[in-house]
Amino acid sequence: MDAAGGETFGVQTPTDNSPLTRAASGDARDIDRAAQAAWDAFPAWRALGGKARRKLLYRVADLIETRAEEIAVLESLDTGQPIRFMKSAAVRAAENFRFFADRAEGAQDGLSLPTQGFLNYTVRQPVGPVGIITPWNTPFMLSTWKIAPALAAGCTVVHKPAEWSPVTATVLAEIMHEAGLPAGVVNLVHGYGETAGKALTEHPHIKAIAFIGESRTGSLIQKQGADTLKRVHLELGGKNPVVVFADADLDRALDAVIFMLYSLNGQRCTSSSRLLVERGIHDAFVEGLRERVANIRVGDPLDPATEVGPLIHPRQFEKVCSYFDIAREDGAVVAVGGERIGDVGNYVRPTLITGARTDMRVAQEEIFGPVLTVLPFDDEAQALHIANDVPYGLAAYLWTNDLTRAHTFAAGLDAGMIWVNSENVRHLPTPFGGMKASGIGRDGGDYSFDFYMETKNVAINLDGHRAARLGLPGKED
Ligand code: NAD
């Protein structure tokens, strides 16, 4: 559907920045129409009940699977993400729908909290129409991670995807329509953050905003939502440490370090972009890294052999490339990469920065590209200090075979998610989210329903309890 103002914006493919398509550029009028539709559809969607919602969400999952290949190709073309990783994005998206569909019936369940003379019980009910604002990295999977629990909870949705990667959001909207979701239950508005996104965060019909994106946008969203007292859930940036102790299984650690930074073009909120290595093994570990990083296959995202594709947009490409000079100016060493590839498209050589200190910009700022910064450490205390010495606190990875150290170090880390002796392996019931500038709130399992639902307590008196009596005649102090 056209935007109310008839405006559109161009979408380019990162392989050569040539036009891929155009999308309607929605503004406050389109958001208003979508929010009204979500408002009107809410009572019936809420009343439908968990069982019926489960059935519809299963249909969505099935249709995602039937279009998985198309979704993977479109996502690769739109974002530059290698097809080898995008194949599983659609599978995971379907899994998100099934996971939350299975919990739709129980989402309203609460607690029984009896006390003397009173029965207290809690129930949950959907918060109302919600706004979902998503970023450009792995946009299809991330959208389903928010939309599936919202729908399962009984909320209706207005979705505003990122303007740099709008393509698969349209496919998802088509799928949900085909699955038979009633009109108005999910509404898609393409557009810029400062116009469509802002209007969504300010709309009085929208009761909550689930946001994934940069930390500074998250803070804008809180401000914009303040007048209408929006409930906000923020999943923001990261500068995640991977800490490797000398006693770890170093072969496995090396594979995981490389995977968690260079997969998905390094454009992943949980990427381990800071490698902290114990000094005794630093040189050998870095040597192993240097060889593997130099060998990473950069190329066309649709080529199944490609391991790193082009970066999403010329602006993001310039930002990532600017850190090569920043690293050198601050006194670090660009040991591998540190250069663009060719003059066509947004290709950059996978990069390894060594000799860094924790106060350098390459060790503090989220670069969001295939750039790994290595920091040596001498002992556990120093490792913990460096690990926590950033504004972010999303994820952390720890490699050690010392059981006591694993637990004490994990206890000291300020991060929402910690993996010990593993890369990021998700289990959907576990909480997902960050501390500090990485966000507010948690997703996953029942944590998602805590956000999309209100908890209500009902207290029933059982013993004829009587309130203190005021205003009785003839009684004065
Ligand atoms: P971004 O903040 O620039 O944009 C995200 C979305 O917000 C887009 O849809 C954009 O249009 C919209 N937006 C921008 N300004 C807005 C405003 N004033 N009001 C309302 N909406 C607005 O982020 P990005 O560059 O698209 O994504 C990359 C960032 O996302 C990185 O920082 C990354 O770490 C983060 N991220 C976090 C997680 C997580 O789970 N913590 C997951 C993926 C990505």
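Ligands are counted one by one from 1 in listed order, and the atoms in each one are counted from 1 as well.
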**OP:** Taking only heavy atoms of the protein into account, state which residues are under 4.0 angstrom from an atom of ligand 1, in chain and number order.
**Re:** Ile133, Thr134, Pro135, Trp136, Asn137, Leu142, Lys160, Pro161, Ala162, Glu163, Gly193, Gly197, Lys198, Phe211, Ile212, Gly213, Glu214, Thr217, Leu220, Ile221, Gln224, Glu235, Leu236, Gly237, Cys269, Glu366, Phe368, Leu394, Phe432

**OP:** Let me know which of Tyr397, Trp399, Phe259 forms a ring pair (Phe, Tyr, Trp, His ring centres under 6.0 Å) with Trp419.
**Re:** Tyr397

**OP:** Give a yes or no on whether a salt bridge exists between Lys207 and Glu454, defined as a side-chain N under 4.0 angstrom from a carboxylate O.
**Re:** no

Original post:
Within a radius of less than 6.0 Å around CD of Glu339, do more than 12 heavy atoms belonging to other residues, nucleotides or ligands occur?
Top reply: yes

Original post:
Can you list the residues that meet the salt bridge (Lys or Arg N to Asp or Glu O under 4.0 Å) rule with Lys239, with sequence neighbours excluded?
Top reply: none

**OP:** On the 0 to 90° scale, with breaks at 30° and 60°, tag the Trp164-His313 ring pair as parallel, tilted or perpendicular.
**Re:** parallel

Original post:
So, does Arg361 use its side chain to make a donor-acceptor pair with the main chain of Tyr323 at under 3.5 Å?
Top reply: no

